[in-house]
Chemist: 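One structure, as structure tokens, below. Some questions next.
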Amino acid sequence: MKYSIRTANREDIPSLITVFQAAVRSTAGRGYTPEQTEAWAARGTSARFLELFGSGMAFFTAEAASGCIGFAAVSSAGFLHSLFVGPELQRKGVARALLDSAVLFAQEHGADHMGAEVSVAALPFFRGAGFALLREQTVCLNGIALTNYRMRLQL
């Protein structure tokens with residue numbers, strides 16, 4: 001599949017939400033109950049994305065002829081806030097390309113490591129990308145507890 005990576009902007013928010021919710025409700029939601037998955041998917045709102053854009057996060061989107069197929073959000077300090085790819089495009093290199101863009105951005109801004117909080121389903125991907133597992137943790141989304149993992153990549 002042919003796609004390109006570009007910097008995303010606020011006009012991309014509807015497409016980012018679509019990818020986020022599709023990914024959470026399918027592949028990213030594996031390992032969670034339906035109630036946990038829906039609590040997570042409910043975070044994908046325009047208001048939340050506007051808040052993230054306003055926080056100074058850099059967003060990168062993977063674009064194909066069909067539109068947005070994935071995205072990543074990273075802070076200049078090296079915290080990877082988001083990395084989601086449409087469910088039909090898993091294991092096609094899109095997530096790795098987005099991660100590479102996020103790593104480059106963090107390095108260009110002086111970060112010496114990248115941190116992330118990753119889902120149960122994403123743990124193998126991040127381990128394969130060289131991230132070290134720091135700890136398992138419980139987070140609360142809309143009053144629902146979910147397990148995820150703090151990870152770190154030395155840059």
Side-chain angles (χ1 to χ4, degrees), residues 1-106 114-129 131 136-151 153:
M1 157 164 282
K2 187 174 179 175
Y3 61 90
S4 61
I5 307 290
R6 68 168 174 82
T7 302
N9 56 55
R10 292 171 192 249
E11 289 76 34
D12 294 308
I13 288 175
S15 297
L16 303 180
I17 291 171
T18 298
V19 169
F20 171 79
Q21 290 183 344
V24 168
R25 288 188 172 117
S26 61
T27 52
R30 286 186 304 227
Y32 298 106
T33 67
E35 182 181 42
Q36 290 170 320
T37 300
E38 285 308 309
W40 187 9
R43 300 274 295 168
T45 65
S46 293
R48 177 67 176 145
F49 276 86
L50 283 169
E51 176 187 336
L52 293 171
F53 270 97
S55 73
M57 290 254 176
F59 278 77
F60 299 95
T61 181
E63 298 281 328
S66 60
C68 178
I69 58 172
F71 72 92
V74 62
S75 73
S76 58
F79 180 72
L80 183 67
H81 181 275
S82 302
L83 178 60
F84 293 94
V85 174
E88 68 283 357
L89 296 161
Q90 300 291 310
R91 302 185 186 275
K92 303 219 184 287
V94 177
R96 186 61 208 213
L98 286 164
L99 178 59
D100 290 346
S101 293
V103 164
L104 181 61
F105 176 85
M114 178 167 280
E117 295 180 358
V118 309
S119 70
V120 171
L123 186 61
F125 168 81
F126 282 93
R127 280 187 167 150
F131 280 75
E136 181 178 304
Q137 62 185 16
T138 301
V139 296
C140 194
L141 299 177
N142 298 327
I144 307 294
L146 288 86
T147 297
N148 72 10
Y149 304 93
R150 274 205 174 259
M151 301 190 83
L153 175 69

Chemist: Rounded to the nearest 0.5 Å, what separation is found between the CZ atom of Phe59 and the CZ atom of Phe53?
Modeler: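 So the CZ of Phe59 and the CZ of Phe53 are separated by 4.5 Å.
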
Chemist: Does any part of the side chain of Leu99, heavy atoms only, come nearer than 4.5 Å to the side chain of Phe131, both counted from C-beta?
Modeler: yes

Chemist: Is the shortest heavy-atom distance from the side chain of Leu83 to the side chain of Phe125 under 4.5 Å?
Modeler: yes

Chemist: Search all heavy atoms of Ser119 against all heavy atoms of Tyr149 and return the closest pair with its distance.
Modeler: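 Reported closest heavy-atom pair: O-CD1, 4.1 Å.
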
Chemist: Within a strict 4.5 Å, meaning less than it, do heavy atoms of the Val24 and Thr37 side chains meet?
Modeler: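 When only atoms from C-beta onward are counted, Thr37 and Val24 do touch, with a gap below 4.5 Å.
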
Chemist: If you compare all heavy atoms of Val120 against all heavy atoms of Gly31, which two are closest, and at what distance to 0.1 Å?
Modeler: CG1-CA, 4.2 Å

Chemist: Measure the spacing between CZ of Arg6 and CZ of Phe60 and express it to the nearest 0.5 Å.
Modeler: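 That separation rounds to 11.5 Å.
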
Chemist: For Asn148 and Tyr32, what are the C-alpha separation, side-chain angles and deciding distance, and is it a side chain to side chain contact (heavy atoms under 4.5 Å, CB included)?
Modeler: CA-CA 10 Å; Asn148 72 10; Tyr32 298 106; 4.2 Å; yes

Chemist: Quick one: CD on Gln137 to OG1 on Thr147, what's the gap to the nearest 0.5 Å?
Modeler: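 The OG1 atom of Thr147 is 9.0 Å from CD of Gln137, to the nearest 0.5 Å.
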
Chemist: If I take atom OG from residue Ser82 and atom CG from residue Leu52, how far apart are they, to the nearest 0.5 angstrom?
Modeler: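 If we round to the nearest 0.5 Å, Ser82:OG and Leu52:CG are 6.5 Å apart.
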
Chemist: How long is the span from the CG atom in Leu104 to the CD1 atom in Ile5, to the nearest 0.5 Å?
Modeler: 12.0 Å

Chemist: Indicate yes or no: at least one non-hydrogen side-chain atom of Arg25 is less than 4.5 angstrom from one of Glu38.
Modeler: yes

Chemist: Any idea which heavy atoms bring Phe20 and Trp40 closest together, and the distance?
Modeler: CZ-O, 3.5 Å

Chemist: To the nearest 0.5 angstrom, please state how far the CZ atom of Arg10 sits from the CG atom of Leu16.
Modeler: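 Going from the CZ atom of Arg10 to the CG atom of Leu16 covers 12.0 Å.
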
Chemist: Tell me the closest heavy-atom pair linking Leu153 and Ala129, and the distance in Å.
Modeler: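 So the minimum-distance heavy-atom pair works out to CD1-O, 3.8 Å.
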
Chemist: Where do Thr61 and Cys68 come nearest, in terms of heavy atoms and distance?
Modeler: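 The answer is OG1-SG, 3.2 Å.
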
Chemist: Could you pull out the closest heavy-atom pair between Gly44 and Gln21, with the gap in Å?
Modeler: O-NE2, 3.0 Å

Chemist: State, yes or no, whether a side-chain contact exists between Gln36 and Leu141 at a heavy-atom distance under 4.5 Å.
Modeler: no

Chemist: Between Glu35 and Thr33, is there a side-chain donor-acceptor contact under 3.5 Å, judged purely by atom types and distance?
Modeler: no

